[in-house]
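Read the structure below first, then the notes.
Nothing here was measured: the structure is a model prediction, and the numbers come from that model. Order of the sequence lines fixes the chain letters, A, B, ..., with proteins taken first and strands second; residue numbering starts at 1 for each chain.
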2 protein chains.
Amino acid sequence: MNVKTICLAILTQGETTGYDIRKRSTEGDYAYFMEASFGSIYPALSKLEEEGYVTSRTVAQEGKPSKRVYQITPTGREFFINSLYDELNDDMFRSEFLLFLRFVEDLPRSLVEKRINERIAKCDDAIENVKKLEKEFTKPSERWVLNFGQHCMRNARQYLIEQKHEIIALAQEEEHPARAAE
Amino acid sequence: MNVKTICLAILTQGETTGYDIRKRSTEGDYAYFMEASFGSIYPALSKLEEEGYVTSRTVAQEGKPSKRVYQITPTGREFFINSLYDELNDDMFRSEFLLFLRFVEDLPRSLVEKRINERIAKCDDAIENVKKLEKEFTKPSERWVLNFGQHCMRNARQYLIEQKHEIIALAQEEEHPARAAE
DNA sequence: TCCGTCATATATAGAGTTGATATATATCGA
DNA sequence: TCGATATATATCAACTCTATATATGACGGA
């Protein structure tokens, strides 16, 4: 799944801008399963236009820079829906937090506690964000995906809270020598 | 977190090869929170050697190609442990499966059921794999991370099984016209 | 026996992506 | 007034992935 596919997926649900695609993929309704940056979205939209999968028009705005609104073409829609029949690639998950926890024995308790608390707070923020998003969506599949994300996040958060003291107990009581020596 | 950091993390736990780093990051004990490919691992190891964070030696093997074994230097170890004190970046999660589910209404039930079953089977494989891995590890933090991964996967699997029929019901009873017309 | 596949092992080219930065304008709060 | 934030597009170097090439041995099936 590349950025072109993400753009087509979002455009399938209505015309929009590159700026908005990025926002939805990093903070909005798509944020919990995909992401894309400006550096890949703008070139992707240009290519999609070349290929005839999208069209664009420039819209002037008061008090804001004028924007370029993209719409998907019938060909683009067909191409996207057909691509949903392809074999699915595996999920990708990366977590610096879990890498960090793998080395708790080498780190001071104060730092470990701080990072775990930060993590729990981030989960809370994310759950709040999903709750807000759910109100904006009525299509059952859209709500289902958001619910699934929320369910997984709540579960991870709960497990972390339950295990918190056990993990902190694994950390060093004193500041790590390598760091303390600085 | 870049590939250089992943290499250092794995090398912190013992000398190894580029091939093994890739294997552990895609199928082994690191697979549930990071990943790296050959195209990034080999250049990363070369750079780390240039920078003095690792050293290497070539080891001839019978019946197998000779391999290049990397070891972390004291400087490399210090650099890695210090980097664990940095602010943590957010987790990254991407799922073609969830993108697929977001468009169930446009897809035939047979396909949706097939993909959900494939997904559940993959969860089962992954859970089995983590169980095997857990036996190989004794360090509490390593086991904790594997357990956390297993817990999250079991939860997602269970939720999917519970919701399966509800999702399938959202899909189209007939083959999608756009596809059927091909 | 021969052939394909799989596992070990390193390496690279080309395509794709990220992260940082530049540009421009307007609003909001300190 | 100053900095931060939001809207909006765009680009570039650095990084990463996917696919492929190379080489060898083992294993199983036709």
Does a side chain donor of either A:Gln150 or A:Arg154 reach within less than 3.5 Å of an acceptor in the other side chain? yes
Rounded to whole Å, CE of A:Met1 lies from C1' of C:dA15 at a distance of 17 Å
Between A:Arg102 and B:Asp29, is the closest basic N to carboxylate O distance under 4.0 Å? yes
Are side-chain N/O atoms of A:Ser56 and A:Glu49 paired as donor and acceptor at under 3.5 Å? yes
Identify whether the distance between the nearest side-chain nitrogen and carboxylate oxygen of B:Asp124 and B:Arg157 falls below 4.0 Å. yes
Would the number of heavy atoms belonging to other residues, nucleotides or ligands and lying under 6.0 Å from CZ of B:Phe79 be above 12? no
For B:Glu105 and A:Ser141, test the side chains for any donor-to-acceptor distance below 3.5 angstrom and give the result as yes or no. yes
Heavy-atom contacts under 4.0 Å between residues 6-18 of chain B and DNA chain C, which residues? B:Thr17, B:Gly18
Do other residues, nucleotides or ligands put more than 12 heavy atoms under 6.0 Å from the NZ atom of B:Lys139? yes
A:Arg115/A:Glu118 ion pair, N-O < 4.0 Å: yes
If the helix axis at each end comes from five base pairs, how far does the helix from C:dT1-D:dA30 to C:dA30-D:dT1 deviate from straight, to 10°? 30°
Close aromatic pair by centroid cut-off 6.0 Å: A:Phe33 and A:Tyr30: yes
First-last contacting nucleotides on DNA chain D - partner chain B, under 4.0 angstrom, heavy atom: D:dC15 to D:dG25
Going by atom types alone, do B:Ser83 and B:Asp86 pair a side-chain donor with an acceptor below 3.5 Å? no
Residue-level proximity of residues 37-53 of chain B to DNA chain C when a heavy atom falls under 4.0 Å: B:Phe38, B:Gly39, B:Tyr42
Quick one, which residues of residues 21-36 of chain B touch DNA chain D with a heavy atom under 4.0 Å? B:Glu35, B:Ala36
Would A:Asp20 and A:Tyr70 count as having a side-chain donor-acceptor pair, cut-off 3.5 Å? no
Evaluate whether atom CZ of B:Phe103 has more than 12 neighbouring non-hydrogen atoms of other residues, nucleotides or ligands under 6.0 angstrom away. yes
Are A:Lys122 and B:Asp90 close enough, and set up right, to give a salt bridge (Lys or Arg N to Asp or Glu O under 4.0 Å), and what steps lead you there? CA-CA 9 Å; A:Lys122 278 211 172 170; B:Asp90 286 345; 2.3 Å; yes
Going by the rule side chain to side chain contact (heavy atoms under 4.5 Å, CB included), which residues pair with B:Glu27 if we only count those two or more places apart in sequence or in a different chain? B:Lys23
One thing to verify: whether B:Lys4 and B:Glu51 come together as a salt bridge, which I'm taking to mean a side-chain N less than 4.0 angstrom from a carboxylate O. yes
